[in-house]
Amino acid sequence: MVAFGKKLKERSIEEWQEYYINYKLMKKKVKQYGRQIEVGSLDRRHVLKDFSRMLDHQIEKISLFMLEQQGLLSSRLQKLRECHDALQDEPDISQISNLREAYRSVGQDLLKLLVFIDTNAIGIRKILKKFDKRFGYRFTNYYVKTRADHPYSQLQQVFKHVGLGAVVGAISRNLHELQNNQGSFLSIYDQPVVPLQDPVVDSIKNAVDRLTRSTNFLNFMAQHALIMQDEDLLIHEDQADQEEGRYHFMSLLLNLANTFLYMVNTYIIVPTADDYSMSLGAAATVCGVVIGAMAVAQLFSSVYFSAWSNKSYFKPLIFSSIVLFVGNLVYALAYDFNSLALLLIGRLFCGFGSARAVNRRYISDCVPLKIRMQASAGFVSASALGMACGPALAGLLQTNFKIYNLTFNQDTLPGWVMAVAWLMYLVWLAISFVEPAREPEEVHTSQESNSESLMFDEADQDGNMEKGLTKQLLLAQDETEHDDEDDCDGSEESAEDSRKPANSFVAAYKLLTPSVKVQLLIYFMLKYAMEILLSESSVVTTYYFGWSMSSVSIFLFCLGLTVLPVNLVVGSYISNMFEDRQILLASEIMVCVGILLSFHVVVPYTVPQYVISGFIMFVSAEVLEGVNLSLLSRVMSSRLSRGTYNGGLLSTEAGTIARVIADATITVAGFLGQSMLLNVTLLPSFIICVGSIVATCFTFNSLY
């Protein structure tokens, strides 16, 4: 692959050469720093200070040139405005045509400037990534945060295209007024629905759409889903057409429905699991094993479904639906057979049918980039809705009757209802799902390796220069080691090796940085704490407060309803007011506070204490999960965005292991008696939470 430095030199606009980032100089400086640190002639503080100063100078040069070019474009537009005003009194078709061409010329120069800006943005991102990798710092996070948030930020000029909106608006409005009107001038503000058929304006609009296609909330929710994307988001027009061709709305809807039903299936038994266990002659605390059996099976199903999704989406979903249908049927029949073993087998079957890895993979591979954020947010919303609806549905199934010696009561009806639901889903899936076309592996690899050159090639085309635009730096810090491919000293990995996906859990683990490991520990902690709260709720509330199954269902339903509002507040407001690491630490502390308040140390144990502490713990854990996965999606190596052992699988396995251990803890603690259950199960949660807080403070202090 051709190095970025060579590409920059070959494709730079000749008359603007001196205003581009001096990538070659910066790269040499990074190597020089490395040699000086090795011999001990420079310390870390001096390197950071000197490199920051150099990069500030480069960005200042770029941003001042941008302002100069914006001024020139504005001056040309002002002169054209005067000509335009003169035509309003005496319209002339030939002059209108000439004026329209003049505005198009300004538009072409604007697109030329956008490509200049983006080329420099790529250079800045690459040199920051190179610096981080060479010295093991997380300097990029510090640099972006301190520069982007400053009121006099020059970095914002480069990555937010500050000031260009007015130029875009002037060109669009005037071309709209001059479009085939022959003296009749229409405004884009008065009639915004009137389409403007002009290639320059279309190109500008596409560029703007790329930069503003998602809101803060959708971005936060999508990262919450941890649907990881490859760093190569520069899609060629042909590739974009292929991606559009693979997308099928009904298939996406079926994947979201699968996510929803699975979450309902997971939580619909929580309010009745203890009663079901006792009806089969087991202790109430065996509900931990019953609930956790599904998570145990999911540990294995996540792997084989992730691997299966490399070849097909339709077949894994069919298999999942059949297994879940059988699992729920066996779960419901366990009552009449009076068999605890059948009950556990049914839940294991349900876990073996977990196709969440396929759902995530379909969104990341087959949904077009322009709506992928919305689809990812839909994945999170479907999960949250299923989590809330499961206990609520269980609360409605308060009946008891028999049909042909088959019992239908509050214990078995969750199984019967979900079996019917999966059977109906299976029929819908067989009729409506469309298997997307698969690209040959070698073609996919070639496209990845050439995506950067495609950006430069497309930038040369007059009507398609905006195709060179990429994700902004603030959303592209998870770029992989292939940024270092332009090092010629042979000490770095080859470009091909550095882009290969992990082929085992061991290989994937080796790609994790210390900060990512800490974030996976945090994910483990919050899933453990949430599972303890949810799974033992029925036993604890029955023992202390004498709650009925309906009361437990309402409590769990209310907890589930907090998920979307909490994510809305965090994604739209809190994340804009504080740094992610600050929210992360504050949320961990609040989870710890919720756990402490849940302990039974005062007699009697009251409903307000349990409910308030439970809501504090659950809501804080939800905030923590969203921020933690948001950070993970940005800093995890993008080699983990492809293949079977991807970042989504790692996070799923960490969370599933936490749930399994939590459910096992409930059952083991049950041998000590229900009076000890609450405190015994909360103690490990508290210890793990304190450990994660200490690890977070240590890790982030060392990075910043």
Side-chain angles (χ1 to χ4, degrees), residues 223-226 228 266 288 291-292 294-303 306 351 354 356-357 360 383 387 505-506 508-536 580-581 583-595 598 617-633 635-636 640 645-669 680-700:
Q223 291 172 333
H224 194 159
L226 200 67
M228 301 188 65
T266 301
I291 296 171
M294 195 168 178
V296 171
Q298 191 177 343
L299 285 172
F300 303 96
S301 66
S302 296
V303 178
S306 182
S354 172
R356 288 172 66 81
R360 281 194 179 103
S383 299
M387 180 181 178
F505 277 117
V506 175
Y509 183 80
K510 291 179 179 178
L511 293 175
L512 303 180
T513 62
S515 63
V516 173
K517 292 176 183 176
V518 170
Q519 287 174 264
L520 287 177
L521 171 63
I522 294 171
Y523 192 62
F524 176 92
M525 178 273 292
L526 68 91
K527 284 297 182 184
Y528 183 92
M530 291 173 68
E531 189 71 9
I532 289 291
L533 173 65
L534 298 175
S535 295
E536 72 177 12
D580 283 350
R581 61 195 178 99
I583 304 174
L584 191 78
L585 184 58
S587 301
E588 286 182 90
I589 294 173
M590 289 305 299
V591 170
C592 191
V593 170
I595 294 172
S598 298
M617 187 196 308
F618 188 84
V619 171
S620 300
E622 277 299 319
V623 174
L624 181 59
E625 181 176 8
V627 176
N628 190 51
L629 291 183
S630 176
L631 282 170
L632 269 176
S633 70
V635 302
M636 192 177 282
L640 295 174
Y645 301 92
N646 52 64
L649 177 64
L650 290 181
S651 64
T652 299
E653 293 293 276
T656 305
I657 291 173
R659 290 172 53 205
V660 170
I661 296 176
D663 291 324
T665 302
I666 294 172
T667 300
V668 172
V680 170
T681 54
L682 287 175
L683 185 59
S685 300
F686 178 72
I687 294 173
I688 299 171
C689 187
V690 171
S692 71
I693 292 174
V694 173
T696 300
C697 293
F698 177 79
T699 303
F700 282 101

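These figures come from a predicted structure and were not determined experimentally.
Residues Leu534 and Phe618 have side chains in contact (heavy-atom distance under 4.5 Å, counting atoms from C-beta outward). Between Leu526 and Glu588 there is no side-chain heavy-atom pair separated by less than 4.5 Å. Inter-residue side-chain proximity for Ile666 and Asp663 is flagged as met; some heavy-atom pair is nearer than 4.5 Å. In this structure the side chain of Ile532 never reaches within 4.5 angstrom of the side chain of Ile595, judged on heavy atoms. With a 4.5 Å cut-off on side-chain heavy atoms, Arg356 and Gln298 count as touching. Between Phe524 and Ile661 there is a side-chain heavy-atom pair separated by less than 4.5 Å.
To the nearest 0.5 Å, atoms OG (Ser651) and CG (Leu520) are separated by 7.5 Å. The OG atom of Ser692 sits 5.5 Å away from atom CG of Leu521, with the distance rounded to the nearest 0.5 Å. Here the CD1-CG distance, from Ile693 to Leu584, works out to 10.0 Å after rounding to the nearest 0.5 Å. Note: Met525 CE to Gln519 CD = 12.0 Å, rounded to the nearest 0.5 Å. The structure places CD1 of Ile291 at 8.5 Å from OG1 of Thr667, a figure rounded to the nearest 0.5 Å. Ile688 CD1 to Leu683 CG: the interatomic distance, rounded to the nearest 0.5 Å, is 9.5 Å.
Contacts of Ser598 classified as side-chain hydrogen bond (donor to acceptor under 3.5 Å, both in side chains), with partners at least two apart in sequence or in another chain: Ser613. Residues satisfying the side-chain hydrogen bond (donor to acceptor under 3.5 Å, both in side chains) criterion with Thr665, sequence neighbours excluded, are Tyr528.
Applying the salt bridge (charged side-chain N to carboxylate O under 4.0 Å, His left out) definition to pairs two or more places apart or across chains, those involving residues 519-532 are Lys527-Glu625, Glu531-Arg659.
Smallest separation of non-hydrogen atoms from Ser587 and Leu624: CB-CB, 3.7 Å. Ala295 and Thr656 get closest at one heavy-atom pair: O-CG2, 2.9 Å. Nearest heavy atom pair, residue Ser685 against residue Ala529, reads OG-CA, 4.1 Å. Contact record, Val680 with Ala669: CG1-CB, 3.6 Å, taken as the closest heavy-atom pair.
No side-chain donor-acceptor contact under 3.5 Å links Ser302 to the backbone of Leu299. A donor-acceptor pair is defined here as one N or O able to donate and one able to accept, closer than 3.5 Å; such a pair exists between the side chain of Ser301 and the backbone of Gly351.
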Kindly determine whether Leu512 and Leu650 satisfy side chain to side chain contact (heavy atoms under 4.5 Å, CB included), including the steps that lead there. CA-CA 10 Å; Leu512 303 180; Leu650 290 181; 4.1 Å; yes
Please assess Thr652 against Arg360 for the test side-chain hydrogen bond (donor to acceptor under 3.5 Å, both in side chains), listing each intermediate value before the final yes or no. CA-CA 11 Å; Thr652 299; Arg360 281 194 179 103; 2.9 Å; yes
